[in-house]
Amino acid sequence: MPNIIEITDLLDPALDPYARLTENQLRSRRSPDKGIFIAESQTVVTLALNAGYTPVSFLIEHSQLYGQAADLADRTDDTPIYTADGSLLEKLTGFSLSRGVLAVLRRPALPSVETVCAGAKHIAVLENIMDAANVGAIFRSAAALGIDAVLVTPQCSDPLLRRAARVSMGTVFQIPWTYIGSRTEDWPETGMEQLRSLGFQTASMALCHDTVSISDPRLKEAARLAILLGTEGTGLTETTIRLSDYTVKIPMFHGVDSLNVAAASAVAFWEICQNH
């Protein structure tokens with residue numbers, strides 16, 4: 001039977017993750033084994049559960065609890081399900097719930113780079129991308145367009161942030177990923193060497209004069225290829241570009257010089273991964 005708890009006290013400490021803790025506090029960098037995160041929307045929460053993530057609690061709007069989220073409630077066993085009407089939940093969280101569902105989930109231990117890349121032909125590396133929505137959109141494109149795994153640098157926005165996971169439509173729980181390095185200084189030199197040791201050629205998506213086209217056949221013919229995507233505005237670091245096997249540019253028209261990193265990723269993934 002679902003463990004349904006009607007919210008009567010907005011100051012209940014059990015509701016702190018939804019209302020009073022920042023995402024950095026949820027992440028609990030000092031105690032990774034105690035880290036948690038919030039997933040938003042029935043689709044995203046369902047995919048997280050399907051992937052084996054362990055729930056701590058749920059926050060479900062009345063109208064959804066006995067409606068579209070009924071199946072979700074039925075699979076929660078004894079995990080607390082806090083519920084109230086939409087206006088009260090918005091007062092609690094400070095925002096309107098997407099599809100009326102939130103969940104607090106435990107952070108898993110992330111696999112090694114070697115484990116994530118085992119058997120992968122095409123991977124994406126996200127260098128210092130700070131916008132959570134862009135990270136989520138890249139994950140969605142990666143999952144949809146044939147990327148086998150994603151690596152994120154230590155300074156990159158956390159893929160398990162609520163907004164990133166929501167924009168990804170839960171694909172962050174479906175495609176293998178991990179951090180490449182744990183310290184800022186682990187990237188790019190050490191990380192690039194690690195990719196090379198695993199047999200990957202590297203392709204930096206960058207606006208440089210000395211580039212190859214995204215349609216260059218060598219990119220498709222590479223036995224293993226890592227597609228490197230840089231932060232908003234400044235793009236990839238000069239060191240990353242210098243250490244790459246290829247610098248790749250997407251041809252543009254009408255004087256447009258670049259695409260948003262999420263849009264550029266979708267173009268690159270489709271062109272390089274199709275028929276692989």
Side-chain angles (χ1 to χ4, degrees), residues 23-24 26-39 44 47-48 50-54 105-132 134-204 224-231 236-237 240 243 261-262 265 269 273:
E23 292 198 278
N24 277 340
L26 293 174
R27 185 172 181 171
S28 187
R29 289 178 183 270
R30 294 183 181 178
S31 302
D33 58 319
K34 298 179 181 178
I36 55 178
F37 68 97
I38 290 180
V44 172
L47 287 173
N50 290 347
Y53 284 70
T54 302
L105 300 149
R106 296 199 183 282
R107 284 181 173 270
L110 289 175
S112 67
V113 170
E114 290 77 11
T115 298
V116 165
C117 292
K121 178 176 181 179
H122 295 124
I123 66 171
V125 180
L126 313 189
E127 181 185 88
N128 305 344
I129 296 176
M130 299 306 298
D131 188 283
N134 280 336
V135 170
I138 294 170
F139 265 86
R140 188 175 183 182
S141 293
L145 299 175
I147 293 295
D148 300 309
V150 177
L151 302 178
V152 294
T153 65
Q155 294 296 100
C156 191
S157 183
D158 178 9
L160 293 183
L161 290 179
R162 179 175 63 86
R163 190 179 184 201
R166 176 170 56 80
V167 172
S168 83
M169 290 299 291
T171 55
V172 69
F173 306 121
Q174 296 177 308
I175 188 166
W177 71 274
T178 196
Y179 285 93
I180 182 164
S182 58
R183 306 168 303 166
T184 301
E185 55 266 32
D186 290 336
W187 182 268
E189 287 91 344
T190 302
M192 292 288 278
E193 179 56 36
Q194 186 174 18
L195 291 174
R196 190 163 287 110
S197 71
L198 292 172
F200 284 97
Q201 290 184 283
T202 50
S204 284
R224 308 187 88 186
L225 186 70
I227 302 167
L228 312 181
L229 299 155
T231 188
L236 292 165
T237 65
T240 299
L243 293 174
V261 65
S265 74
F269 299 162
C273 297

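In this structure, the side-chain contact (heavy atoms from CB on, under 4.5 Å) partners of T178, at least two apart in sequence or on a different chain, are L110, P111, V113, V116, L151. In this structure, T190 has no side-chain hydrogen bond (donor to acceptor under 3.5 Å, both in side chains) partners at least two apart in sequence or on a different chain. Annotation: side-chain contact (heavy atoms from CB on, under 4.5 Å) contacts of R224 (sequence neighbours excluded): C117, A120, L198, F200. The side-chain contact (heavy atoms from CB on, under 4.5 Å) search around A48 returns Y53, L105, F173, not counting sequence neighbours. Considering only residues two or more places apart in sequence or on other chains, S112 meets the side-chain hydrogen bond (donor to acceptor under 3.5 Å, both in side chains) condition with T115. Residues forming a side-chain hydrogen bond (donor to acceptor under 3.5 Å, both in side chains) with S204 (at least two apart in sequence, or on another chain): S244. The side-chain hydrogen bond (donor to acceptor under 3.5 Å, both in side chains) check on S168 picks up nothing, with sequence neighbours excluded. Evaluation of the side-chain contact (heavy atoms from CB on, under 4.5 Å) rule for R196 yields E193, T202, D245 as partners, not counting sequence neighbours.
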Criterion side-chain contact (heavy atoms from CB on, under 4.5 Å) on L145 and C273, from CA distance to verdict: CA-CA 7 Å; L145 299 175; C273 297; 5.8 Å; no
Test side-chain contact (heavy atoms from CB on, under 4.5 Å) applied to I147 and I138, step by step: CA-CA 10 Å; I147 293 295; I138 294 170; over 6 Å; no
Derivation and outcome, side-chain contact (heavy atoms from CB on, under 4.5 Å), residues C156 and V135: CA-CA 9 Å; C156 191; V135 170; 4.1 Å; yes
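With respect to L126, the side-chain contact (heavy atoms from CB on, under 4.5 Å) criterion is satisfied by exactly one of V152, N134, I180: V152.
Between Q155 and I129, every side-chain heavy-atom pair lies at or beyond the 4.5 Å cut-off.
The salt bridge (charged side-chain N to carboxylate O under 4.0 Å, His left out) pairs that include a residue from residues 180-189 are R183-E185, R183-D186, where partners are two or more places apart or lie in different chains.
Between the side chains of E127 and T240, at least one donor N or O sits under 3.5 Å from an acceptor N or O. The closest side-chain donor-acceptor pair between E114 and Q194 falls under 3.5 angstrom.
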